[in-house]
Structures are given as structure tokens and as C-alpha cells.
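In what follows, a structure is listed as C-alpha cells, so that the remarks can point back to it.
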Amino acid sequence: MPSLADHCSKLANPNVFAVGLAGFLVLGILVSYIPQHAKIITRRSSEGLSPWWVLLGGLSSIAAIGNILTLPSSRDDIHCCKELSGGACAAALLGVAQIGCQWACFMFVVMLFLIFFPEAPDMISSAASITSTPPPKRRDALIVGVSTLVCLLTVGIASITVVAVTPHHTQAWANFLGIVAGALSAVQYLPQTW
């Protein structure tokens, strides 16, 4: 197993193409969420967003951020920043930045969903009047908010505990979180492919 010094020396001279691509992906993630954020804020309503889609996305993004922050290689990259130049450190952390940006953007969607949760719809003007799907209830928003908060606290506390108490299990914990994130994302987006 290579030492941390060997790992850090490999990060000292980042590949310009890889850094450019990773930076473009961070920007693309951010730009892809801005229209959704703006639409909810402008309309002052999260009507049209499924509570279950928001819940699955929130839980998935929490598992993904827990995964990237507990991965031993990510933690090594973070530790290397003490020895690297600012540019090399930033380049080394672009993978973490991608997941962090996605997590922050989706958590903002969850927050906006809860803040601008639609009141009981006016059945004459609401899209709910022309669909067979009943509108979400305030209880649905409560389930989304509480479940997201509990998941965030659970993953955060468990991840800190694993890293601090049993660091030799961090790869297994990160793998578990990665599988959970992927499975929840698949369940979240699969209905949209039909």
C-alpha cells in the first residue's frame, strides 16, 4: 500500500484535461439545479414536485456525500492539501466538490420544497384537478423533512464514529453508502424513464 507521501506526490502535478473536465462537471451540476431553484422561488410554490421524488433524492444525496467524505482515498486527498499548492489541492478535491455541489443543490431543493409546500390546492385552477394523482398533503412534507433530517444526522454521526473509532472499516462503510446512494437514485429516476 503506497504511503500518504507517495499519494500526495502524485497529486502535485494534476492533469490539466482531467481538472478542466472535473471543473466543468461541478459547474454543470450547479447550472442544472438553478432553473429548479428559480422556478420554486419565483412561483413561491413547490407544486408539481413529488414528495417521494424529493425524499429519495435527499436520502440519496446524503448517502453520496457520506460516501465521498468517508472514502479513504478522499480523506487522503484532503490530508494532502497540507503539502500541496492551492491549485493542486483544489484539483485533488474536485471529485469531493462534485458530490458536495450535488448534495448542496439537492438539499436546497428539499429546503425549498418544505418552505414553499403548496397549500390545499384550489381544484379549479390546480393541475391536480386534471390528473388522477391526489395532491400531496402537509403530512407528506413532514415525512420528507423529518426523514431527511434523521438520515443526515444518522449518516453524519455514523460516519464520524466509523472514521474516529474504527478507521479500518471506512472503506466498507463508504461502499455501503455508495450502494445505498445508487439504489435510491435508481428508484428515484427509474419511473421517469417510462
Side-chain angles (χ1 to χ4, degrees), residues 1-34 36-37 54-112 144-145 147-189:
M1 181 170 175
S3 70
L4 185 59
D6 292 338
H7 179 75
C8 295
S9 67
K10 292 177 187 173
L11 299 175
N13 298 308
N15 177 300
V16 175
F17 176 75
V19 170
L21 181 60
F24 178 75
L25 289 173
V26 170
L27 184 62
I29 291 167
L30 181 61
V31 168
S32 72
Y33 277 95
I34 290 174
Q36 183 70 63
H37 297 160
V54 174
L55 177 62
L56 289 168
L59 299 180
S60 172
S61 67
I62 291 167
I65 195 74
N67 164 270
I68 197 74
L69 291 176
T70 57
L71 271 173
S73 59
S74 294
R75 289 184 301 113
D76 287 348
D77 292 350
I78 292 166
H79 285 108
C80 286
C81 282
K82 296 173 191 168
E83 301 175 23
L84 298 173
S85 69
C89 173
L93 298 182
L94 277 170
V96 175
Q98 288 171 8
I99 302 299
C101 182
Q102 187 275 332
W103 172 78
C105 287
F106 208 93
M107 287 296 103
F108 195 52
V109 169
V110 172
M111 186 180 77
L112 292 174
V144 169
S147 298
T148 302
L149 180 61
V150 167
C151 180
L152 185 62
L153 292 172
T154 302
V155 169
I157 292 168
S159 296
I160 290 168
T161 302
V162 169
V163 169
V165 177
T166 58
H168 54 283
H169 290 298
T170 55
Q171 183 66 54
W173 176 245
N175 290 347
F176 170 74
L177 290 174
I179 291 167
V180 168
L184 290 171
S185 288
V187 171
Q188 177 190 17
Y189 288 107

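This one's a predicted model, so the numbers in the text were calculated from it and none came from an experiment. Every heavy atom of this structure was used, including side-chain atoms; hydrogens, water molecules and symmetry mates were not.
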From [atom1] ([X]) to [atom2] ([Y]), nearest 0.5 Å:
X    : Y    : atom1 : atom2 : result
S73  : Q171 : OG    : CD    : 7.0 Å
N175 : L71  : CG    : CG    : 7.0 Å
F106 : Q188 : CZ    : CD    : 5.0 Å
L184 : S61  : CG    : OG    : 9.5 Å
L84  : S9   : CG    : OG    : 9.5 Å
C101 : L94  : SG    : CG    : 11.0 Å

Quick one: do C105 and L30 satisfy side chain to side chain contact (heavy atoms under 4.5 Å, CB included)? Show the steps, please. CA-CA 7 Å; C105 287; L30 181 61; 3.8 Å; yes
Under the side-chain hydrogen bond (donor to acceptor under 3.5 Å, both in side chains) rule, what do R75 and T70 come out as? Steps first, then yes or no, please. CA-CA 7 Å; R75 289 184 301 113; T70 57; over 6 Å; no
Would you check if L152 and W103 make a side-chain contact, meaning some heavy-atom pair closer than 4.5 Å? yes
Is any side-chain heavy atom of N15 less than 4.5 Å from a side-chain heavy atom of V19? no
Whether the side chain of [X] engages the backbone of [Y] through a donor-acceptor N/O pair (distance < 3.5 Å, no angle test) should be reported.
X    : Y    : value
T148 : G145 : no
D77  : L93  : no
S85  : A88  : yes
S32  : I29  : yes

Please check if atom [atom1] in [X] has more than 12 non-hydrogen atoms from other residues, nucleotides or ligands closer than 6.0 Å.
X   : atom1 : answer
H37 : NE2   : yes
N13 : CG    : no
F24 : CZ    : no

For the pair I65 and I68, evaluate side chain to side chain contact (heavy atoms under 4.5 Å, CB included) and give the outcome as yes or no after the intermediate values. CA-CA 5 Å; I65 195 74; I68 197 74; 4.1 Å; yes
What closest approach, in Å, do [X] and [Y] show between heavy atoms, and which atom pair accounts for it?
X    : Y    : value
V180 : A63  : CG1-CB, 4.0 Å
I62  : C151 : CG2-SG, 3.7 Å
P167 : T170 : O-OG1, 3.0 Å
G66  : L177 : C-CD1, 3.4 Å

Are C89 and C80 close enough that their SG atoms are less than 2.5 Å apart? no
Report the C-alpha distance between S60 and V187 in whole Å, list the side-chain angles of each, state the deciding distance to 0.1 Å, and finish with yes or no for side chain to side chain contact (heavy atoms under 4.5 Å, CB included). CA-CA 10 Å; S60 172; V187 171; over 6 Å; no
